[in-house]
Amino acid sequence: MPTQRLLLLPGDGVGPEIFAALEPVIAWVQSSMDLEVSRAQCGYGAWLAQKETLPRRVLAEAMASDAVLFGSEDNEAFSSLPPSERPASALLELRQTMGVFANLRPIRVARSLVDNSPLKPEVVEGADLVIVRELLGGLYFGTPRGVETLADGRRRGVDSLVYFSDEIERVARAAFELARTRRSKLCSVDKGNVLASGALWRDVVAAMGRAEYPDVELSHMYVDNCAMQLVRRPTQFDVIVTENTFGDILSDCAAMISGSLGMLPSASLSAPDASGRRRGLYEPIHGSAPDIAGKNLANPIGTVSSLALALEHSLHAPELASRLNAAIDGVLDAGIRTRDLGGDGSTGTREMARAIADRLPLSQPA
Ligand code: IPM
Ligand code: MG
């Protein structure tokens with residue numbers, strides 16, 4: 001196996017302090033495999049320093065890496081600028097240029113956190129699902145978009161929910177394949193009773209199910225119903241596939257099954273290139289959390305779990321991923337809790353990261 005390359009992009013908000021706290025964990029990974037790690041700045045910090053949220057050099061490095069671990073980006077920092085002057089989001093540009101259309105958001109309840117969810121223990125116990133969110137289409141990238149001022153002085157904001165059948169097919173394929181490695185159940189979520197793009201979504205996924213994946217138990221659900229079912233009986237789901245905005249919203253909702261948004265990782269994957277390699281962008285789903293940034297309060301588990309996903313899906317080290325996940329479970333079993341998990345505040349970002357690092361078994365360099 002050639003040297004693997006991992007790029008760390010802490011970004012803004014709680015990202016930098018989480019990444020700094022995780023240096024011992026990164027060092028452990030490096031001591032356990034042949035891995036070259038580099039670090040770069042993007043987001044608001046990069047914009048302040050060089051008027052670019054995603055410097056070209058950083059983008060080129062991301063494209064050349066086997067995996068990119070991203071922290072968060074503080075889009076709020078630009079809210080004082082008029083919409084037309086706000087710089088492009090580094091994260092959205094990264095997703096788009098890397099072509100990572102399949103965003104996997106696994107949600108499971110750690111055994112010791114069953115009582116931590118705002119939902120009843122008997123509702124969340126045993127929940128184990130993955131939301132596959134389409135990441136490069138729909139409202140996030142559809143055109144036309146923008147804000148215009150009309151002749152009568154009113155302003156008009158437009159976004160377009162556009163999907164091409166091949167965009168639906170490629171993400172549905174990723175979801176069907178993932179379902180086959182799990183409990184072979186796929187629920188496709190749309191709003192086909194109202195939206196044209198939703199009706200197309202359902203049509204395309206249903207046809208694929210019949211023609212190519214008859215072994216996968218396929219169901220369809222409207223997105224409003226899905227939001228309800230996620231909190232009513234989350235154990236009914238195995239894999240959910242849905243469009244970009246619905247996936248964004250449903251994954252925050254589903255995060256409450258696990259008790260905290262701070263726990264959840266994500267993996268975004270491209271199609272394989274000629275050599276079979278998929279680009280991989282890994283990020284916790286919690287965002288920059290400006291209200292707690294710089295206070296050593298953020299839970300680093302979402303980022304550690306994202307690193308585990310990178311080890312599994314991009315860096316050919318599933319064994320190390322299992323050890324990282326076991327270390328997270330060990331820390332939670334020991335009752336170590338950041339504040340979002342009900343802790344009293346004595347365990348912060350650094351203490352949690354240290355507790356995880358302390359539970360990583362020494363391994364021989366590969
Ligand atoms: C997410 C986040 C991002 C998104 C934001 C920060 C742009 O909410 O990954 O879920 O909307 O995709
Ligand atoms: Mg989101």
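We're numbering straight along the sequence, starting at 1. Every number for a ligand or one of its atoms is a count from 1 in the order of the listing.
Scanning the protein heavy atoms around atom 6 (C) of ligand 1, the nearest turns out to be Asn75 OD1, 4.0 Å. If you check which protein heavy atom lies closest to atom 8 (O) of ligand 1, you get Asp248 OD1, 3.2 Å. Closest to atom 5 (C) of ligand 1 among all protein heavy atoms lies Leu91 CD2, 4.6 Å.
When Arg95, Glu76, Glu283 are checked for heavy-atom proximity to atom 3 (C) of ligand 1, Arg95 turns out nearest.
In this structure a side-chain-to-backbone donor-acceptor pair under 3.5 Å is missing from Ser65 to Val68. For the pair Thr242 (side chain) and Val189 (backbone), a donor-acceptor distance under 3.5 Å is present. At distances below 3.5 Å, not a single donor-acceptor pair connects side-chain atoms of Arg180 with backbone N or O atoms of Phe176. Side-chain atoms of Asp66 do not come within 3.5 Å of backbone N or O of Leu315 as any donor-acceptor pair. Under a 3.5 Å cut-off, the side chain of Glu73 and the backbone N or O of Gly43 do not form any donor-acceptor pair. Here the side chain of Glu212 pairs no donor or acceptor atom with the backbone of Arg210 at under 3.5 angstrom.
Residue Tyr140 has at least one N or O atom closer than 3.5 Å to an N or O atom of ligand 1.
Distances from ligand 1 to the non-hydrogen atoms of Glu73 include no value under 4.0 Å. By the 4.0 Å heavy-atom criterion, Arg105 is counted among the residues contacting ligand 1.
Atom 1 (C) of ligand 1 is approached by the protein to below 4.0 angstrom, counting heavy atoms only.
Cation-pi geometry between Arg170 and Phe101 is met: the NZ or CZ atom falls under 6.0 Å from the ring centre, inside 45° of the normal.
Nearest N, O or S atom of Asp248 to the Mg ion (ligand 2): atom OD1.
Coordination check, Asp252 versus the Mg ion (ligand 2): failed, since every N/O/S atom of the residue sits at 2.8 Å or beyond.
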